[in-house]
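Before any comments, here is the structure.
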Amino acid sequence: MDDASPVGANDARDAVNDEVSPVDASRLKRRDAGDDSIRVDDDADDADDAPSDARRARDRTSDASPSVGRGRRYEPERSIKTYFTSKKSEADDDDETLGDDEDDDDLETNKMRGSGRRGKRKWIDLKFEKDEREFTTRSIGGVSVKFPADIKPHPAQMMAMSSMIRALNNQENAMIESPTGTGKTLALLCGALAWQEEERRRTHSAATKLVLERRKYEVARQKYLTAVKAGKKDVAIETGEGWRSSDDRFLPANEGGVGTTPKIFICSRTHSQLEQMLRELKRTGYAPRFSVLSSRQRLCAIEKNDAECQELIGNDMSRRTKKTSCGHYNRHSFVSKNLEQYAENGRTWDMEDFQNIANAQEGCAFFALREIYESADVIFAPYNYLFDFNIRRAMQIDLRGAAIIIDEGHNIEDVCRTGATAEIKLDSLKDAVETLDKYAHYDTKSRQFSLLRDTLDFYRRAEAFLERALLNNMRREFTIPSGGVRDFMNDMFEGHVDPRYIMTMEPEFARLKAEFPGDVIKHITAAMNMASVFSAATEFPQAYNVVFGTNVNIDGEECFGLVVLCMQPSMAFRDVAAQARSIVLTSGTLSPMDTFELELGAPFPIKIEAPHVVPRSHIHVELSGAIGEITYKATEGDVQGRKFAENLGRYLLTYANVIPGGMLVFLPKYSLIERLLREWHVDGLFAKLSDKKYICVENRGTRGFNETLEEFKRGNDRGKGSLMLAVFRGKVSEGIDFKDDAARAVFCVGIPFPNVKDVRVKAKRDYNDAPWCKSRGMLSGGSWYRAQAYRAYNQALGRCIRHPKDYAALFLVDARFREGGPYMTENISKWIRQNIRAFDSVDQSVRHVSDFFKRLRESEKPESTRDEKENVVES
Ligand code: SF4
């Protein structure tokens, strides 16, 4: 096993380790400009964005460790001083290879000469064409919002903008559910940036007024003091706004009202979604100074991990003077200065522009973005960077007074809980102990080695305790509820090490980082991350459970391990909400909304469910009980399983005859898809279905996913359309847009309740049923459980109908919907719920669906070629 870091899933935090910036270089290439009917929102790695990033980091670290510099391995018998010395000389060697540095003066010279070139360096002096776009302005909530002149904002966009501006003005939180395809992102960007401009104007004019008032006071005060000094009696006292010339100090009433313009954090779930946002930003009439938060691993041009980069760029002095061993670092300011030219010229850049500049300047993309971040007005970031308190701390993200806009926020609960959770493998603890032990005793006097020994002690005690605990309880996985968490934590360190103390060492470690080898830095960072979660669990044991055992699932791998499991998303969310001015949470699928408010532990006085932009006549939503209840009992077992497969196969076949284009079929689990395929091959239904649609299957994991999508697209291009079998919460259901003929129908088969046997799901249900949670008005375990299912359900249903002229049929296939009444559908997104209908038989439904598509296909034809007889208008 190559994972050497003790924090499993939290390796994502290591991936961003200590600094702001970068964005995946591989994603910076232009997307295929061809057919974009299937749009990948999140690359295959999106759901696992950070973990995969972390994996890459781990792999590289593992390859590199314990090698030092280039090619030489660390040898314990060599003294650590020799090691440090040799490291420096190796770095000097590297400089020759990597750096062809010139200093800033040269940059200026080049700039003055225009687009000059010296040696390897190229300086691009960007030229911008005249901006001839036109915008119209609308007043929304007292703010003038510019919108592209060729787009008339529709009601959903107006609702989104006005609710957001109201929330930002009132410093409140808001939840805005607006179906995908309604132009939500453009509306959010225009609204938020207009509001920020208005705030800037307001603070600027207040500041100007204050300066003038202060001058008036100073003149009056001098006059007053001169008169008093001269012994005059009854000296006249002048007054101004909130001051008198007899006052000692200038303290006008409005001084507190003058501040700086609030920063705006615009967040989405993944980097690829942020890239799309930046492309949308180009359509707006706003050109803020902005940056993007990402990890070093995503942008490093020479593929170094955090520790290797740290070794190359060295200490503060070499960084300041731009004389590091990484030539890219030394040129990063050229990139950031180029990017600043965009805002200066009223333009914005996207990641493709950014990467082109970074490549041309041969400058470090990561540090360029970090440099702009310091003074940016708008920051784009994946939202786990804000809500994972280790990432936030490591990146020094200051949210005080900021406005936070979150798009695709339906996973916020999970992100918050994961962000406050620590997953620890026993093997990783052992590895940390072994590594730190090599270094910790070299020098018994210096402070840096004393810190190292404290960290080692922390690891040793955690390792010994976990080993003892596992020996005493050789069980696969078991849970310690909240009541036992504090004792568990105290027993782990027996009063010898306080995780809070480990955290206090962080500033010192940050200073000494450049002096430690990469594998040590990695374990120190992981120790800080663990310690912060341990401290939170000790302080708020009621918000935690502990899971440990011989087969704990960490990063998809069963291992000896420990999970300090956060049960309350509010642990991470409240902290952010307390610092920020407002949090605006948006998504196409926030329903059921009340659950968010209770779980996140912060008030959302503004809650909006925007309508879809697609006319109701373009949506067919049907509750179908045709194949009964889709439960475990009905789908497993020899007889039932076979019967279910046959019924579902025939059911889909009937509709495949009348549905044009692609069909998406979502099922609760992969094993059910595998069973269906086996049965359909045996009974011949696979061949019959294949005659009608080209069948594709979403596989487990990310491997081959793009190929599957390609196959699906090819099937659609051949004319008869494709049929994709996929799972709820999978890659197809969470991150892909299927517009137009890419998907004309979505069949959601069954209800995707989380696995009741999953120890974490069970722990959360039990937790929410505890009196402590009930007394705080939190959702019951059952309601929380149901909410998880419906959120995944709504996500899957929302895969199609992606723009105002799109149309599709949605099928909610499970007899429980029909039998359970409104209770069963109350958590379905409003725009779908409002259109629900049911039919007495499949035949009746098929006839209706056939007419539905005929009518809409006909309406797509040019008017002169329409067949009037077939132009059936739905009442
Ligand atoms: S400074 Fe050099 S090593 Fe570090 S991220 Fe930038 S390019 Fe990579």
Side-chain angles (χ1 to χ4, degrees), residues 13-28 53-54 56-61 63-65 67-71 87-88 90-104 120-122 271 291-339 351 354-374 385 391 394-396 510 513-519 521-522 525:
R13 300 160 200 167
D14 302 354
V16 291
N17 194 2
D18 58 347
E19 325 228 26
V20 184
S21 289
V23 181
D24 189 2
S26 66
R27 299 173 190 214
L28 303 175
D53 197 17
R56 271 200 298 151
R58 272 206 306 272
D59 293 344
R60 286 190 210 132
T61 307
D63 292 345
S65 178
S67 68
V68 170
R70 285 186 309 162
K87 183 157 67 88
K88 188 176 177 314
E90 282 161 6
D92 291 343
D93 292 343
D94 278 351
D95 196 19
E96 283 178 22
T97 320
L98 297 168
D100 62 321
D101 189 30
E102 294 170 73
D103 55 30
D104 277 351
K120 275 190 189 175
R121 166 91 61 68
K122 307 160 205 82
H271 280 98
S291 188
V292 180
L293 292 185
S294 182
S295 68
R296 206 181 320 228
Q297 281 73 21
R298 300 181 75 87
L299 280 193
C300 178
I302 52 174
E303 303 212 341
K304 300 289 178 194
N305 64 31
D306 290 351
E308 290 163 342
C309 170
Q310 194 69 50
E311 288 187 22
L312 282 177
I313 58 178
N315 57 29
D316 281 355
M317 176 60 85
S318 58
R319 287 193 199 192
R320 254 199 309 278
T321 54
K322 307 241 169 66
K323 298 283 180 202
T324 74
S325 300
C326 179
H328 287 79
Y329 179 88
N330 302 340
R331 293 186 289 274
H332 74 266
S333 292
F334 303 162
V335 180
S336 52
K337 281 173 186 166
N338 260 169
L339 294 180
M351 295 316 294
F354 168 61
Q355 190 59 38
N356 287 340
I357 291 170
N359 290 344
Q361 298 281 23
E362 294 174 49
C364 175
F366 172 79
F367 281 104
L369 287 180
R370 182 186 169 86
E371 193 165 78
I372 309 175
Y373 164 77
E374 305 291 341
Y385 283 33
I391 298 180
M395 287 186 138
Q396 298 167 10
K513 239 175 186 179
E515 298 182 31
F516 287 118
D519 48 349
I521 294 170
K522 183 180 66 173
T525 308

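Start at 1 and go down the list; that is how both ligands and their atoms are numbered.
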Are any side-chain N or O atoms of [X] and backbone N or O atoms of [Y], one a donor and one an acceptor, separated by less than 3.5 Å?
{"X": "Ser318", "Y": "Ile313", "answer": "yes"}
{"X": "Asp306", "Y": "Lys522", "answer": "no"}
{"X": "Glu308", "Y": "Asn305", "answer": "yes"}
{"X": "Ser291", "Y": "Ile372", "answer": "no"}

TODO: Under 4.0 Å from a heavy atom of Arg296: give me the atoms of ligand 1 that qualify, with their elements.
DONE: 5 (S)
- [ ] Measure up the Phe367 and Tyr329 rings against each other and bin them: parallel (under 30°), tilted (30 to 60°), perpendicular (over 60°).
- [x] perpendicular
Open item on the list: Which of the protein's N, O or S atoms come within less than 2.8 Å of atom 2 (Fe) of ligand 1, not counting waters?
Closed with: Cys326 SG
- [ ] Would you please test Glu362 and His328 for side chain to side chain donor-acceptor pair (under 3.5 Å) and show each step?
- [x] CA-CA 6 Å; Glu362 294 174 49; His328 287 79; 5.6 Å; no
